[in-house]
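Notes follow the structure.
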Amino acid sequence: MLDLKDVAKNFDAVVARLTARGGALDLSAFQALFAERKRLYTVVEAEQAKRNKLNDELAKASPDERKQRAADMKALSSAIKDQEGQLKALEEKLTTLLYDVPNVPDESVPVGASADDNTVVRTWGEKPTFLFTPKQHFELGEQLGLLDFERAAKVSGSRFAFLKGDLAKLERALVSFMIDQHTAKGYVELLPPYLVTRAAMTGTGQLPKFEADAFKTVGEHELFLIPTAEVPVTNYHADEILEAPLPLKYCAFSPCFRAEAGAGGKDTRGLVRMHQFHKVELVKFARPDQSMAELDALTKDACEILEKLGLHHRVVLLCTGDMGFSSLKTFDIEVWLPGQNTFREISSCSNFGDFQARRAKIRFRQNKGDKPQLVHTLNGSGLAIGRTLVAILENGQREDGTVKLPEALWPYLGGTKELTALR
RNA sequence: GGACAGAUGGCCGAGUGGUCGAAGGCACCUGACUCGAAAUCAGGCAUACCGGGAACGGUAUCGUAGGUUCGAAUCCUACUCUGUCCGCCA
């Protein structure tokens, strides 16, 4: 969330820059609430000071005197309690308001309304050429008998899949391959919980605004299925003052669960948009003056996976209108899918500035003995496993429907170098 | 799931109704000593907000939320988490 004082101080500028994100945003109540809060604060604090003073006197007074003045104190106390209640209600209103306000985009983010206004930053590799019409991944997978949506629908409904045989093995291989690549670069592997509290979801910004997108447990213990490992891994350091030198770098494999509310009929076929998918996530905690450089490095680390797999891709800088709620600046990595004849997002790398750190209370000291200040948090997919698998299928396909697998994965596949029909 | 114990500053830990933002220790910072370091000594050292140029002053915060009381770290209730024992279980 944004800094309360900062919003109050630079109200018009903040509103102007938030407007560039598009979407409805009503901050009209903010200033009045903020002024009223300030006024009440002053009043309450003065009353509290009075109470504390009288109390000190009372403590030293004789029993008789104490009895006499107790009634006055009681009146004062209950008046204060009343005001404190009002103040708390105000505070809650303001917080609720701010919780629903997205991050202010960084200066370097291009202003735009939709994905059409994103900027391609760089491209790696070239589109592979085919002497036949390339198929989509689900056709290939189903024809090889390695991918089963029908039975998944029977068991779980739409947007689920069974992977079978070597395709399931490929999924596992991708996980290990990616984790090994990242840990070799100094990312510490974390295997996080997949169910998290409301507080954790609020800390990273999924709640309160996007509750409809999340799966939630029933029963007296309310827990949320993580939509990304970002949630448990970022909150790993919630309420902490980091003492170790920054940046802290983590990578984490986890399943991700998304309700995909509002996705409507989008990407109904194939593995591209599922209620459950696997992802290796990169998370960093960085110093504010270094976070933008760390974002570039993180994005490169994610790209490198695609390079090692030989997959044609490009890096896109999202415009103000296409960015996620909590983000200060986001690069998407898009991989080429010949079957769909398009680039598809396979990773989203963001610098959140202090937006999440303020919610989750994650701080650090610039130098020993300094006052703690908020860290900057970053994360990015490194990469989405399911979509990587899609890219491998579509890019590696042969005319006969078999698929050649990237050499980098061979050590992880125990001798399997291509996908062929099951049995 | 049942029983008991506990939750205090960056860390450890004392504190059972007022003089407690909180002893003591560790860590850290400054200074003295030293060629330098260690050791030792002296001082400093929570967070947020408000006022002030600053010194400083005020307010809140002792797991969370309520309650009792003139007054709560301290008493009461609920919840959360941790530990130990019992039961159950992959």
Side-chain angles (χ1 to χ4, degrees), chain A residues 1-10 30-31 33-99 191-203 207-208 216-217 219-224 232 235-246 248 255 285 287 354-355 357-375:
Chain A
M1 104 180 119
L2 300 175
D3 179 53
L4 188 67
K5 276 186 345 193
D6 193 55
V7 175
K9 203 170 156 190
N10 309 307
F30 179 85
Q31 279 179 306
L33 282 173
F34 187 78
E36 176 60 7
R37 185 191 83 121
K38 188 163 181 176
R39 189 194 67 79
L40 246 185
Y41 244 111
T42 315
V43 173
V44 171
E45 285 197 355
E47 296 285 288
Q48 285 170 329
K50 193 167 152 194
R51 181 190 61 190
N52 289 348
K53 200 172 172 189
L54 289 179
N55 233 331
D56 282 350
E57 291 171 20
L58 258 191
K60 292 169 197 147
S62 67
D64 269 1
E65 211 178 331
R66 206 176 280 183
K67 219 170 185 177
Q68 253 180 25
R69 296 169 65 170
D72 292 348
M73 282 296 295
K74 194 162 190 165
L76 182 59
S77 282
S78 88
I80 289 174
K81 206 168 230 177
D82 192 56
Q83 289 169 336
E84 283 173 341
Q86 291 176 36
L87 192 58
K88 200 177 161 189
L90 254 178
E91 202 84 67
E92 254 162 46
K93 261 190 207 167
L94 265 174
T95 312
T96 308
L97 198 67
L98 269 196
Y99 265 148
L191 193 80
Y194 305 152
L195 288 162
V196 297
T197 60
R198 177 171 286 272
M201 290 285 277
T202 305
L207 293 182
K216 190 165 71 167
T217 60
E220 67 273 35
H221 250 63
E222 179 192 66
L223 287 171
F224 294 83
N235 282 284
Y236 182 70
H237 286 303
D239 292 310
E240 289 185 21
I241 297 171
L242 304 176
E243 300 288 355
L246 300 179
L248 292 175
F285 300 83
R287 289 167 43 146
D354 60 16
F355 189 86
R358 186 171 295 108
R359 290 175 166 230
K361 297 191 188 68
I362 312 169
R363 296 174 297 169
F364 79 107
R365 294 180 208 275
Q366 187 94 308
N367 299 296
K368 295 247 176 194
D370 280 2
K371 281 187 174 280
Q373 56 177 303
L374 296 170
V375 295

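What you see below is based on every heavy atom in this structure, not just the backbone, and it leaves out hydrogens, waters and symmetry mates. First the proteins, then the strands, lettered A, B, ... as listed; each starts at 1.
Nucleotide B/G6 forms a Watson-Crick or G-U wobble pair with B/C81, both donor-acceptor distances falling under 3.5 Å. Pair check for B/U19 finds none; no Watson-Crick or G-U wobble contact set falls under 3.5 Å. Pairing for B/G71 is absent, judged as Watson-Crick or G-U wobble with the two contacts each under 3.5 Å. Across all strands shown, B/C33 remains unpaired; no Watson-Crick or G-U wobble contact has both distances below 3.5 Å. Across every strand in view, B/A39 sits unpaired, with no contact that passes the Watson-Crick or G-U test at under 3.5 angstrom. Under the Watson-Crick or G-U wobble criterion, with both distances below 3.5 Å, B/A55 has no partner in any strand shown. Base pairing analysis places B/G87 opposite nothing; no Watson-Crick or G-U wobble pair with both distances below 3.5 Å involves it. Using the Watson-Crick or G-U wobble rule with both distances under 3.5 Å, B/A60 pairs with B/U47.
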Grab the N/O contacts between the protein and nucleotides 62-69 of chain B below 3.5 Å, and write none if there aren't any.
{"residue": "B/G66", "atom": "OP1", "partner": "A/K88", "partner atom": "NZ", "Å": "2.0"}

What protein N or O atoms touch nucleotides 51-55 of chain B N or O atoms at under 3.5 angstrom, if any, and at what distances?
none

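Annotation: proximity of residues 90-99 of chain A to RNA chain B (heavy atom, distance under 4.0 Å) is found for no residue.
For the side chain to side chain contact (heavy atoms under 4.5 Å, CB included) test, residues two or more places apart in sequence or in another chain that qualify with A/S77 are A/R51. Residues that satisfy the salt bridge (charged side-chain N to carboxylate O under 4.0 Å, His left out) test with A/R69, not counting sequence neighbours, are A/E57, A/E65. Residues forming a ring-ring contact (aromatic ring centres under 6.0 Å, His included) with A/F224 (at least two apart in sequence, or on another chain): none. By the salt bridge (charged side-chain N to carboxylate O under 4.0 Å, His left out) test, A/K361 is found to be paired with no residue, residues two or more places apart in sequence or in another chain being considered. Scored by the side chain to side chain contact (heavy atoms under 4.5 Å, CB included) test, A/R358 finds A/M1, A/D3, A/D354, A/L374 as partners (sequence neighbours excluded). With sequence neighbours left out, the ring-ring contact (aromatic ring centres under 6.0 Å, His included) criterion links A/F355 to A/F325.
Nucleic acid contact for A/R39: none, since no nucleic acid atom lies under 4.0 Å from a heavy atom of the residue.
Separation of the C1' atoms belonging to B/G24 and B/G13 is 8 Å when rounded to the nearest angstrom. As rounded to the nearest Å, B/G15 and B/U8 have P atoms that lie 14 Å from one another. B/C4 and B/C56 have their C1' atoms separated by 49 Å, given to the nearest Å. Rounded to whole Å, the C1' atom of B/G10 lies 16 Å from the corresponding atom of B/G44. Atom P of B/C45 sits at a distance of 15 Å from the matching atom of B/U30, rounded to the whole Å. Taking atom P on both B/G71 and B/U82, the two are 35 Å apart, rounded to the nearest angstrom. Taking the C1' atoms as reference points, B/A14 lies 15 Å from B/G21, given to the whole Å. Remark: the separation of the P atoms in B/U74 and B/U61 is 11 Å, to the nearest Å.
For A/S77, counting side-chain heavy atoms from C-beta on, the closest listed nucleotide (B/G71, B/G10, B/U47) is B/G71. If you check B/G18, B/C50, B/U47 against the side chain of A/K5, the one that comes closest is B/C50.
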Do nucleotides 56-61 of chain B as a string where each nucleotide becomes B, S or -: B if the base has a protein heavy atom under 4.0 Å, S if just the sugar-phosphate does, - if no protein is that close.
--BBS-

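In this structure, CG on A/L87 lies 9.0 Å from CD on A/Q83, to the nearest 0.5 angstrom. In this structure, CD in A/E222 is found 7.0 Å from OG1 in A/T217, a value given to the nearest 0.5 Å.
Of the N and O atoms on the side chains of A/N52 and A/D56, not one donor lies less than 3.5 Å from an acceptor on the other residue.
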Side-chain polar contacts of residues 40-48 of chain A - donor-acceptor pairs under 3.5 angstrom, sequence neighbours left out - could you list them?
{"residue": "A/T42", "atom": "OG1", "partner": "A/K38", "partner atom": "O", "Å": "2.9"}
{"residue": "A/Q48", "atom": "NE2", "partner": "A/E84", "partner atom": "OE2", "Å": "2.7"}

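Where A/R37 and A/L58 each meet RNA chain B at their nearest nucleotide, the meeting point lying more 5' is that of A/R37. Judged by closest nucleotide on RNA chain B, A/D3 is the one of A/M73 and A/D3 placed further toward the 5' end.
In this structure, A/R198 contributes its side chain and A/P208 its backbone to no donor-acceptor pair below 3.5 Å.
For residues 87-97 of chain A, every residue pair satisfying the side-chain hydrogen bond (donor to acceptor under 3.5 Å, both in side chains) rule, not counting sequence neighbours, is listed here: A/R37-A/E91.
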